[in-house]
Protein chains: 2
Amino acid sequence: MASADLFKRQGYAATSMRQLAKAVDIEPSSLYSHIQSKEEILQTICFEQAEKFTKFIEWIAEQDDSPIEKIKAILLHQIQIACDDSTSITVFNDEWKHLNEEHLKTFLISRKTYESLFIEIINQGVQQNVIKDVDPKIVFNTLLSSIKWIHFQSNKNAANPNNFSQIVDLILGGILN
Amino acid sequence: MASADLFKRQGYAATSMRQLAKAVDIEPSSLYSHIQSKEEILQTICFEQAEKFTKFIEWIAEQDDSPIEKIKAILLHQIQIACDDSTSITVFNDEWKHLNEEHLKTFLISRKTYESLFIEIINQGVQQNVIKDVDPKIVFNTLLSSIKWIHFQSNKNAANPNNFSQIVDLILGGILN
DNA sequence: GTCTATACGATGATAGAC
DNA sequence: GTCTATCATCGTATAGAC
């Protein structure tokens with residue numbers, strides 16, 4: 001999608017319908033045969049990604065794997081998507097605040113659900129004594145945040161599939177030798 | 001600064017001069033007695049923060065501390081600032097891409113300088129065998145990224161000074177027990 | 001589904017009086 | 001340094017012909 005690319009580079013608010021139209025080589029008004037509003041584009045991108053993540057964590061949560069294996073799988077999944085579709089992920093990460101009031105509300109609920117499922121897994125790890133007994137919210141935020149640079153990489157540099165598990169091990173095990 | 005607060009909440013592009021004016025209770029045109037353009041406000045915020053970070057890492061780099069101590073100090077400093085002035089830090093982190101061509105160029109050079117100094121410290125740690133031998137750019141990005149959630153915290157929750165060293169230890173040592 | 005034409009409010013910024 | 005008045009441009013979106 002050309003719109004995700006523009007939203008990623010310029011941000012949602014700084015991207016006009018005129019630019020969007022030029023990117024797909026039609027007149028601005030013609031866009032409205034495909035969409036109802038500019039916000040609808042943003043909404044589609046954000047909720048597509050949100051659903052992807054939520055479905056995965058819901059699936060992982062009910063597997064028989066250990067908490068550590070589950071967290072590894074989630075991080076690997078996130079990294080994979082950040083590489084495969086870096087534009088949509090950037091929009092999902094950085095532009096959701098421009099959703100309209102109604103969509104924003106739904107979006108935040110969805111994030112909260114995701115957080116709860118993740119924190120449940122962390123708590124299991126703490127109980128089993130394989131994860132440090134630190135505030136689970138800190139662990140959650142640190143884990144998710146630590147991979148939010150990959151989608152900015154210009155390409156295949158630090159963030160190619162060969163490095164995926166290396167990155168996950170770094171995050172889980174720390175940088176200390 | 002009221003402008004940093006609006007830029008944080010709505011983003012630079014979505015914030016108008018009229019809103020900025022209302023926030024300080026004057027007419028929009030009166031703003032131009034204090035600034036030359038909207039972009040100048042953004043520029044001031046971004047470069048103030050950039051200078052703060054650069055000065056600190058330059059100072060740390062020439063200390064006698066071990067690489068790990070240096071990295072700890074840098075992360076603690078970043079966390080401290082993220083708590084003290086979360087609005088400016090959010091603008092610095094997320095809105096710099098709206099700088100004009102000339103300022104953007106300077107800004108990116110400044111970031112590159114910062115990255116080089118940080119990576120040098122990481123490399124020292126790797127040579128001394130106290131830091132894992134992973135691509136230093138991955139380590140750099142992961143470390144810096146992992147604290148980029150603190151400035152979003154509503155307040156004093158997970159991110160109060162008592163937790164600072166806990167967070168740093170988590171990042172350096174990983175979540176594994 | 002695409003076009004031309006257009007509505008019309010919002011945008012950043014300026015001129016000039018006080 | 002603040003105001004009122006204003007400018008030119010761009011913003012999203014619609015109407016209606018083809």
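Throughout, a chain's letter reflects where its sequence line sits, starting with A, and its residues are numbered from 1. These numbers come from the heavy atoms of this one structure, side chains and all, not from hydrogens, waters or symmetry mates. Predicted, not measured: the structure shown is a model, and the values here were computed from it.
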- request: Tell me, please, which residues at least two apart from A/Q166 pass side chain to side chain donor-acceptor pair (under 3.5 Å).
  value: none

- request: Whole angstrom is fine here: how far is it from CG in B/L42 over to P in C/dG12?
  value: 13 Å

Any residue of residues 4-21 of chain A with a heavy atom less than 4.0 Å from an atom of DNA chain D: A/T15, A/S16, A/M17, A/R18

- prompt: What integer distance in Å separates A/N100:CG from D/dT12:C1'?
  reply: 14 Å

- request: For B/S165, enumerate each residue passing the side chain to side chain contact (heavy atoms under 4.5 Å, CB included) test, keeping only those at least two apart in sequence or located in another chain.
  value: none

statement: residues 2-24 of chain A vs ring pair (Phe, Tyr, Trp, His ring centres under 6.0 Å), sequence neighbours excluded, gives A/F7-A/Y12, A/Y12-A/H98

- prompt: Who are the side chain to side chain contact (heavy atoms under 4.5 Å, CB included) partners of B/S88, not counting sequence neighbours?
  reply: B/A4, B/I45, B/Q49, B/D85

Check nucleotides 2-5 of chain C for protein N or O atoms closer than 3.5 Å to its own N or O atoms and list the pairs.
| unit_1 | atom_1 | unit_2 | atom_2 | d |
| --- | --- | --- | --- | --- |
| C/dT2 | OP2 | A/H34 | NE2 | 2.3 |
| C/dC3 | OP2 | A/E27 | N | 2.6 |
| C/dC3 | OP2 | A/S30 | OG | 2.9 |
| C/dT4 | O4 | A/S29 | OG | 2.6 |

message: Just by distance, no angles: are the side chains of A/Q63 and A/E69 close enough, under 3.5 Å, to form a donor-acceptor pair?
response: no

field: Residue pairs involving residues 113-133 of chain A (criterion ring pair (Phe, Tyr, Trp, His ring centres under 6.0 Å); sequence neighbours excluded)
entry: A/F118-A/F140

task: Nearest whole angstrom, please: distance from the C1' of C/dT11 to the NZ of B/K22.
output: 15 Å

Protein-nucleotide distance (A/E39, atom CD; D/dG11, atom C1'), rounded to Å: 16 Å

message: Once side chain to side chain contact (heavy atoms under 4.5 Å, CB included) is applied, do any residues pair with B/D84, and if so which ones, sequence neighbours excluded?
response: B/Q80

Residues in side chain to side chain contact (heavy atoms under 4.5 Å, CB included) contact with A/H34, at least two apart in sequence or another chain: none

